[in-house]
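Here is how names work: the chains are called A, B, and so on, in the same order as the sequence lines, proteins then strands, and each is numbered from 1.
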Amino acid sequence: MLDIKLLRENPEAARQAAVKKRMPDRQAAVDRALSIDAELRELLPRIDAMRSEQKTAGKAMGKLSPAEREAVLDGQKRLKAELQQLEEREKQLRADLQAQLALVPNLPDPDVPDGKDDTENVETKRHGTVPQFAFEPRPHYELAEAQGWVDFTRAAAMAGSRNYMLFGDLALLHDAVLRFAVELMVGRGFVAVDPPLLVRDAAMYGTGFFPGGEEQTYRCEKDGLNLIGTAEVPVTSLHGGEMLAEDELPKKYVARSACFRREAGTYGKDTRGLYRVHQFQKVEQVIVDVADKARSIAHHRDIVQNAEDLLQAFELPYRIVAVCGGDLGVPQAMKYDIETWMPSRGNYGETHSASRFYDYQARRLDLRYRPKDGGKPLFCHTLNNTVAASPRILIPLLENHQQADGTVRVPKALQPYLGGRAVLGKPQR
RNA sequence: GGAGAGGUGGCAGAGUGGCCGAUUGCGUCACCUUGCUAAGGUGAUGUACCGGUAACGGUACCGGGGGUUCGAAUCCCCCCCUCUCCGCCA
């Protein structure tokens with residue numbers, strides 16, 4: 001969330017943030033928060049003064065004789081009753097303020113392009129050559145089904161739509177991709193993490209998914225736990241409530257986890273194949289560092305580069321887009337998506353999403369550090385990006401590297417993870 | 001799931017109704033001192049909010065939430081977490 005002080009000093013910036021992000025309902029939260037804050041600031045000095053009086057008199061009472069005590073008791077009781085009413089109001093206001101503040105979106109950085117939705121994202125880079133096939137290329141689902149690598153029909157029968165089962169070489173490729181991703185990041189100094197998949201509301205709230213993302217989330221009501229949609233949630237929350245030393249920053253983590261998304265409201269979208277599914281595996285990079293915008297921006301470049309290096313190792317054409325205001329989420333200050341060429345779509349499809357938040361998540365998570373110079377504790381900055389999400393990344397791998405006989409070429413970088421094999425699948429003809 | 005023990009400041013660990021925002025130790029910072037492989041001395045050192053240009057003043061916070069009381073770290077209730085034992089289990 002944003003600092004209430006920022007709202008007081010520059011409410012227009014917060015309103016404009018909601019406008020740029022195309023979140024009209026969230027815009028109203030700014031003014032609601034400010035009016036609650038104003039009432040609270042009128043109330044607090046009165047409460048403080050009364051408490052001060054109560055405390056002083058109460059302390060003195062300990063030293064009084066029983067008779068003298070009787071004399072002040074009545075006044076104390078009246079004060080207490082009055083105070084209780086005001087305190088109730090204070091509690092209500094604080095809760096309301098918190099609720100409204102939680103709705104105010106993070107300020108988009110100036111380098112976020114204007115735009116209403118993903119069609120207005122701005123391409124900033126293109127890498128690799130889109131393949132030209134001398135034969136009729138097949139979409140990944142046809143290719144994989146022909147090889148016996150995937151079963152959508154039976155998976156849907158037992159688990160519902162948007163489910164799949166991987167078999168044989170494709171199951172192995174899936175795992176190879178994820179292992180490659182983890183090792184790439186470990187080689188760059190990131191600490192491997194295997195996080196919880198079920199988390200409390202506080203973690204969802206702290207990372208900015210709640211309130212707002214409840215419909216996207218599978219929930220175990222009985223235990224009050226939520227299945228994560230990304231390892232960003234448990235890993236960014238890891239140090240929530242802590243006071244870190246500046247010396248231990250930056251914290252760099254790479255987490256491999258299953259991810260679960262209800263995909264509510266996407267009926268009829270991307271229904272075929274492995275693109276949009278309820279459950280997948282993802283390797284995610286997360287950085288927690290000091291409150292320094294320039295460093296955050298540098299980290300942002302680095303984590304995008306990490307993903308680019310993976311795609312280049314996989315010999316896949318991709319492009320990078322700067323996500324526009326209307327397509328930006330509540331907590332992000334700036335986001336790059338990396339889209340990889342998917343022949344069946346005749347287009348690039350999102351495979352990575354790199355976000356920087358500054359202190360928006362850290363503030364919600366109460367994630368702070370003590371600066372070396374001995375200054376006041378500050379909220380950390382957080383960032384994250386996909387390294388590899390599978391099976392979605394299998395789409396470009398299968399489709400770009402398919403061969404005329406229905407087999408699939410394995411990029412050199414992945415061969416060591418597949419027993420040295422250069423080709424997957426049996427020739428179809 | 002059952003029984004018990006515990007959660008206190010950056011960390012460790014005292015404190016069982018007013019003298020406690022909290023002894024002490026470690027760590028950190030500042031200054032001083034010292035010529036035998038870097039040790040010793042002195043002092044400072046929680047966070048947040050409100051008011052104030054500031055100095056400063058006030059309030060809240062001892063896992064979280066409620067309650068008792070004029071007054072709660074301390075007593076009562078609920079929840080969460082950690083540890084030990086039993087049961088169950090991948």
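In this structure, of A48(B), C70(B), C49(B), it is C70(B) that holds the atom nearest to the side chain of Lys80(A). Side-chain proximity of Arg41(A) to the nucleotides G58(B), G51(B), C49(B) is greatest for G51(B). Considering only the side chain of Lys376(A), A48(B) comes nearest among G66(B), A48(B), G46(B). Of the candidate nucleotides U59(B), C50(B), C70(B), C50(B) has the atom nearest to the side chain of Leu44(A). Among G66(B), C50(B), C70(B), the nucleotide with an atom closest to any side-chain atom of Lys91(A) is G66(B). Residue Arg370(A) places its side chain closer to G10(B) than to any other of G58(B), G10(B), C70(B). Nearest nucleotide to the side chain of Arg200(A), out of G58(B), C80(B), C70(B): C80(B). With C49(B), U47(B), C70(B) as the candidates, the nucleotide lying closest to the side chain of Lys77(A) is C70(B).
Under the 4.0 Å criterion applied to side-chain N and carboxylate O atoms, Asp327(A) and Lys335(A) are not assigned as salt-bridge partners. Salt bridge annotation for Asp111(A)-Arg356(A): present, with a cationic side-chain nitrogen under 4.0 angstrom from a carboxylate oxygen. Under the 4.0 Å criterion applied to side-chain N and carboxylate O atoms, Asp270(A) and Arg162(A) are not assigned as salt-bridge partners. Salt-bridge formation is not detected for the pair Glu88(A)/Lys91(A): no Lys NZ or Arg NE/NH1/NH2 atom is positioned less than 4.0 Å from an Asp or Glu carboxylate oxygen.
For C19(B), there is no paired base (Watson-Crick or G-U wobble, both distances below 3.5 Å). When Watson-Crick and G-U wobble pairs are counted only if both distances are under 3.5 Å, A73(B) pairs with no nucleotide at all. If you check A55(B) for Watson-Crick or wobble pairing at under 3.5 angstrom, you find it has no partner at all. Base pairing of U28(B) is made with A44(B), judged by Watson-Crick or G-U wobble geometry with both donor-acceptor distances under 3.5 Å. Base pairing annotation: A90(B) forms no Watson-Crick or G-U wobble pair, as no partner gives both donor-acceptor distances under 3.5 Å. Under the Watson-Crick and G-U wobble criteria, each requiring two contacts below 3.5 Å, nucleotide U84(B) is paired to A3(B).
No cation-pi contact links Arg261(A) to Phe280(A), judged by a cut-off of 6.0 Å to the six-membered ring centre and 45° from its axis.
Note on Lys5(A): only backbone sugar-phosphate atoms sit closer than 4.0 angstrom, heavy atoms only; bases stay farther off.
Comparing G18(B) with A55(B), their C1' atoms are spaced 31 Å from each other, to the whole Å.
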